[in-house]
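Remarks on the structure that follows.
When a ligand or atom number is given, it counts from 1 through the structure's own listing order.
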Amino acid sequence: MFAVTATRIDTDDPLAGLTLGEHPDPSPPDGWEVVTVKAASLNHHDVWTLRGVGISADRLPIVLGCDAAGIDGAGREVVVHTVIGDPAAGGGDETLDPARSLLSERYDGTFAERVMVPSRNLLPKPAALSFDEAACLPTAYLTAYKMLFGRSGLEPGSTVLVQGAGGGVATALILLGRAGGYRVWATSRSEAKREQALELGAERAFPAGSRLPERVDAVMETVGEATWAHSLRALRPGGRIVTCGATSGPTPPAELNRVFFLQLSVVGSTMGTRDQLDRLLRFCEQTGARPRIDRTLPLTQAADGFAAMISGDLFGKVVFTV
Ligand SMILES: NC(=O)c1ccc[n+]([C@@H]2O[C@H](COP(=O)([O-])OP(=O)(O)OC[C@H]3O[C@@H](n4cnc5c(N)ncnc54)[C@H](OP(=O)(O)O)[C@@H]3O)[C@@H](O)[C@H]2O)c1
């Protein structure tokens, strides 16, 4: 089958290890199913893999891609939950299973004509969502959903700052946060992206690092080093940073004096459970919220999507159709 694989790791030039071509068809063990992929979406995770973050060279070649929507063996339209883990091993939450992985880490991912997954990882695709829209949800949108409605500790009406407005997770945070009743503020380095953030539902949009008119209840962080100091300063006493990523680097100064004196919380968040993905699908159905798609490309042109993500030239998700 045709697939997009990581064939070698290159920290500085991730595209050097991106290979398009033939790959063996999946042969599913008992309890797994093969899905014919209709649409898949790109995440920064795929770039990290090519850079060798979170994977070792002995796992290559591996098919990239965490997210997909497609057709299962019985002809049903499905969305793929990408977290491969045992809820029992994580106290009822597969994201806390110490042995959990995402598709494309241990098992081949979704940038292919077919992908195999455990049967429990298939959810019915709501008719209201297209394959392209559904393929955006399992990583970026599920992560944003759990950050906003699980890990933030907030109630609707609270003010949330989203750093780095243009990213896949960041656009999801703006969209879902607004639909869930938060007052959403966003930052971006780019004026064009700030305007797009307002169109997406942010109430205000600010240049990266600028002083805010008032302090916020929580900051949603995916950027890391470049925005961390601003995130700490943006919070009201007792406020909370929810972090799921560190695109610009993972080790900013901790500024512990600010953390303890203002009694701030720093909370990590990763992905979400199958049940949360199920609720996210229903949330989209009920609120009318739909993923923001920057561009849709045939899988054969995947390299163009990767290049756009590496250059930061995106507002929303890149979808690959198969
Ligand atoms: N833990 C999890 O479960 C999980 C799940 C999904 C993603 N993540 C992580 O979250 C991060 C975002 O993922 P994504 O797929 O949304 O990536 P993405 O689409 O590539 O996000 C890029 C955004 O980050 C901002 N940014 C990048 N470098 C910056 C810099 N030097 N200074 C300021 N802003 C910068 C940019 O905002 P502006 O251009 O608007 O300023 C850009 O729009 C990644 O690190 C990813 O690995 C983690």
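- Sorted by first then second residue, the salt bridge (Lys or Arg N to Asp or Glu O under 4.0 Å) pairs that include residues 70-80, not counting sequence neighbours, are D72-R76, E77-K125.
- Between Y182 and F149, the angle of the ring planes stays under 30°, which puts this pair in the parallel group of the 30/60° scheme.
- Other residues, nucleotides and ligands contribute at most 12 non-hydrogen atoms within 6.0 Å of the NZ atom of K38.
- Protein residues are said to neighbour a ligand when one of their heavy atoms lies under 4.0 Å from it; for ligand 1 these are H44, W48, T139, T143, G164, A165, G166, G167, G168, V169, S188, R189, K193, T222, V223, A226, C244, G245, A246, T247, S248, S269, T270, M271, M309.
- Among pairs with a residue in residues 156-167, those fulfilling side-chain hydrogen bond (donor to acceptor under 3.5 Å, both in side chains) read T159-R183, Q163-T187, Q163-H230, Q163-S231, at least two apart in sequence or across chains.
- In this structure, F111 and F306 have perpendicular ring planes: the angle between them is above 60°, well past the 30° mark.
- Pairs engaging residues 1-27 under the side-chain hydrogen bond (donor to acceptor under 3.5 Å, both in side chains) rule: T7-T19, H23-D108, D25-R114 [sequence neighbours left out].
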